[in-house]
Amino acid sequence: MVRSKNIPNTPRQGGSVNRRLSGKVVKILSRPVSGTPSSVSAGCNIKVVVRVRPPNAKEQESNQRHIIRFMDDKSLIFDPKEDEVPFFYHGVPQKTRDLLKKEKKDIALAYDRVFDFASTNVEVFDSSTKSLIQVLMDGCNCSVFAYGATGAGKTFTMIGNPESPGITYLTMEELFIHKEKLSVEREFELMVTYIEVYNELVKDLLNPGSILNLREDSKYGVMIPGVKVHKIKSPEELFSLLEQGNKRRTQHPTDANAESSRSHAVFQVYIQMTIKANREIRRAKLSMIDLAGSERGSATGFVGARFKEGANINKSLLALGNCINSLADGLRHVPYRDSKLTRLLKDSLGGNCHTIMIANVSPSSIHYDDTYNTLKYATRAKNIKSIIKKNIVNAELHADKYIKMVDDLQSENAQLKSELATLKKQYEELQTKFTQVSNGDICAVDNCNSQDAGQENIAAGLLQGNQELKKQNAALENVIGGLSTREASTQQIDPKLLQNYQALVQEKKDLMDSEFQLRSGELVMSLKRELKQDTQERLSVFYLDTPTKDDRRRKLIEQVQRSEKKEQTTNVALCQNRKLQDKSDENLQECLDRNPELVKIHELSILELEKLRLTYDRDLEQKRHRVLLDDHHDKCQLIAQMTNLMKQLFLSVGGRADAPVAIIRKYEELVAIFEGKKSLTWGDGKSADELDSGLSSTTSVNENAEEQNRATKRKIESETPVRLDSTFVCNTGASSSTTEVPTVLTPINTLMVVKGSKSPAVKRLATVAPLKSRFTVPKRPLLTGTQNHISPKGKFMPKGRDAYRFTTKASIRPDSKRELTNVRKVMPQPSSRPKFM
Ligand SMILES: Nc1ncnc2c1ncn2[C@@H]1O[C@H](COP(=O)(O)OP(=O)(O)OP(=O)(O)O)[C@@H](O)[C@H]1O
């Protein structure tokens, strides 16, 4: 199920925080990416547009089918059903379709805009990125990325050519028009960078040289230290820069595209606007990304180094796909760190950013899979929500306000702590109940539903608590983000020093983040290992060993060993991480000792780090809950299945004269436990365990126990008519009544199928059939409801062929099992007997 990210428009706590912060003195607090917004707009979805390029010469020549049908400017049908062309067989038109032909998917899809073959880059710009300019002017971040298979038209859309400039040119042109218009009231500063990510390496396209790294910056979000930033004053300057960069971009011809771009190109524009009237500063970042083509190895025709290059492209696009999926599902953890590309796009997807995704596809059936995948991604991306903040910075903050904010943060952290404690308590309760259920102390079948309801209540409570915490965290993050920026400016701290300090804090945060990832991996691994060990123990209970079971057990042991190894590796990594964190703490302390002016901002950082730690702890607790709840649910189901099976087995054993009393008692005791009774008192004062030694024989059973045995059997017997709807009853000629005498229920149909079928499932069933040795298994399977014969010697000789429709049990009178003479089928109306032979 696709869930959209639940981002509160006005968080419960955040609302008051924002009000507090947007008073007269503190007008704004925001940082572009994770900072506090001066105004937070409603969460809005990513805008997704699809552009279908015209079929190229090759596609036209090969006369391929079109797999896109345009419905209107917002919808299309992928792989449409064609008008029925009659299918002839031996010259005769058939009513049904040609089964050799793949059935058409015929999926109707809707997007924010669909561009057909005839659309131009100007039209694409008008309906997509043009509207972003006003958003940028308001101080919000925007990003546009083109996604699609190789040769689908991404570069044509983003960059274009001199005759038809792409949307990057057109957007920048529009930006300059706005700049001119607003130049009376605003001062503008525009800077651009142009980089490519090739084979997981970041390179500057405007200043070729060394490989660059990525870093997160509190001001502009994801930054690339060392990248050359170009200040531009006119569109012409920009165009020449873009041209230079494009020439340096890594390109290689592929089978699918003669000028295939083998790298992801990221063009970024940093805009700083100072409102002349009040010196308010607005910052915005525009990212325009031309992704490398997603592709199948076979489509490019590459081998060796080029194939590896393709694998890297796919790896980063896969990471992008995973991020899109996580964001669309509203998950808290989004795996941005899995590739350079996703790290770079961290603040372009979801977060504080207006994002437009342009999905480029080919209309030809040659690219069926590529087009289908791209459209699937595009559909998924529609669910991503972003929350837009204006990046407006103001410098005033009074000390008393600052103190109040610190107090607020402290009390909010205290609240987080108490919520975490509640979560931990709930977890312990859950764990206790879980252990009880695993040990069989709590009824797991009849009470299973109520148990589940209880657990679900807990889970619902947890989820609700989680939502509340999320809201509070969002508010807290906003406050902290804003505070850092403003406090820094209040104290007149040297910007370089502040930058260094923030880098140290960021380093600590990164380390905490990787610690969280490690701990969360370790947690899931260790929980799963414990559960696997449980399974292993469960398996060892079955003493009917078969090679398959041995094999399964061996595999389980190997899995457990592998998990243990992984846990060890994780532990080593955790140790290293802790050492690095200690080092990071020392560095921070050292920096603080040398620069006492950082004390106040450091107080905030500590709170921020504390909050981060609490959040991670809470997330881990929730993860643990989830795994245990899932397992608990599985176990409930397993117990239910086992109980059913046990009952059936018991019923088949229970009616036989040599049924051990201990087994009957164990069964009764178990039923009592399931009914919620603590124990059962037996007439002879002996429990099933005490009778265990006599399991293989009934000779030691006293009369009381025999009577008990018979009572139990009668009780079981009284349940059977309900199940007799299609049960074969084997009767003797000696008695006309079958109801008074206890009967044995045996899955004879299973037995009968055994010889007639090679199905492993049936063979497995046969191993548990208790009457195997007594009756001759027929050569041919039984047919439902047809005449069957059992000879006086007890041989089954069924007539008919289809055994699989014969799915019932037989009841056989135990006192006359050697004289079986006939079989009748008991229908819902007992009188309707089939003929006997
Ligand atoms: N809408 C369009 N109209 C006309 N021609 C187009 C259109 N889209 C793409 N083309 C042409 O198709 C070819 C491939 O397009 P393009 O290079 O943009 O693909 P791409 O998706 O960027 O591929 P790669 O990922 O391999 O770089 C080019 O020759 C381009 O001119």
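We count ligands from 1, going down the list as the structure has it; atoms in each ligand are counted the same way. Please read these numbers as outputs of a predicted model, since none were measured by experiment. No hydrogens, no waters, no symmetry mates; every other heavy atom, side chains included, goes into these values.
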Query raised in the report: Passes side chain to side chain contact (heavy atoms under 4.5 Å, CB included), Thr157 versus Phe115? Steps please.
Result: CA-CA 11 Å; Thr157 305; Phe115 297 101; over 6 Å; no
Report summary line: To atom 1 (N) of ligand 1, the nearest of Lys154, Met158, Arg51, His264 on a heavy-atom basis is Arg51
Requested in this report: Between Ser164, Ala57, Ala265, Gly153, flag the one that comes closest to atom 15 (O) of ligand 1 by a heavy atom.
Outcome: Gly153
[X], any N or O under 3.5 Å of ligand 1 N or O:
X: Thr150; answer: yes
X: Gly151; answer: yes
X: Phe156; answer: yes
X: Thr155; answer: yes

Query - Non-neighbouring partners of Ser365 that pass side-chain hydrogen bond (donor to acceptor under 3.5 Å, both in side chains), sequence neighbours left out - result: Gln64
**Report entry** Atoms in ligand 1 with a heavy atom of Ala152 nearer than 4.0 Å
**Finding:** 19 (O), 20 (P), 21 (O)
Query raised in the report: So Tyr194 and Asn246, side chain to side chain contact (heavy atoms under 4.5 Å, CB included) or not? Walk me through it.
Result: CA-CA 9 Å; Tyr194 196 20; Asn246 285 339; 2.5 Å; yes
Report task. Pick one of side chain, backbone, both or neither for how Ala149 approaches ligand 1, counting any non-hydrogen atom pair under 4.0 Å. Result -> backbone
**Report entry** Qualifying residues under salt bridge (Lys or Arg N to Asp or Glu O under 4.0 Å), relative to Glu187, sequence neighbours excluded
**Finding:** Arg279
Report task. State plainly whether the residues Asp126 and Arg113 are in salt-bridge range, i.e. N to O under 4.0 Å. Result -> no
Requested in this report: May I ask you to check whether Tyr270 and Gln268 show a side-chain donor-acceptor distance below 3.5 Å?
Outcome: yes
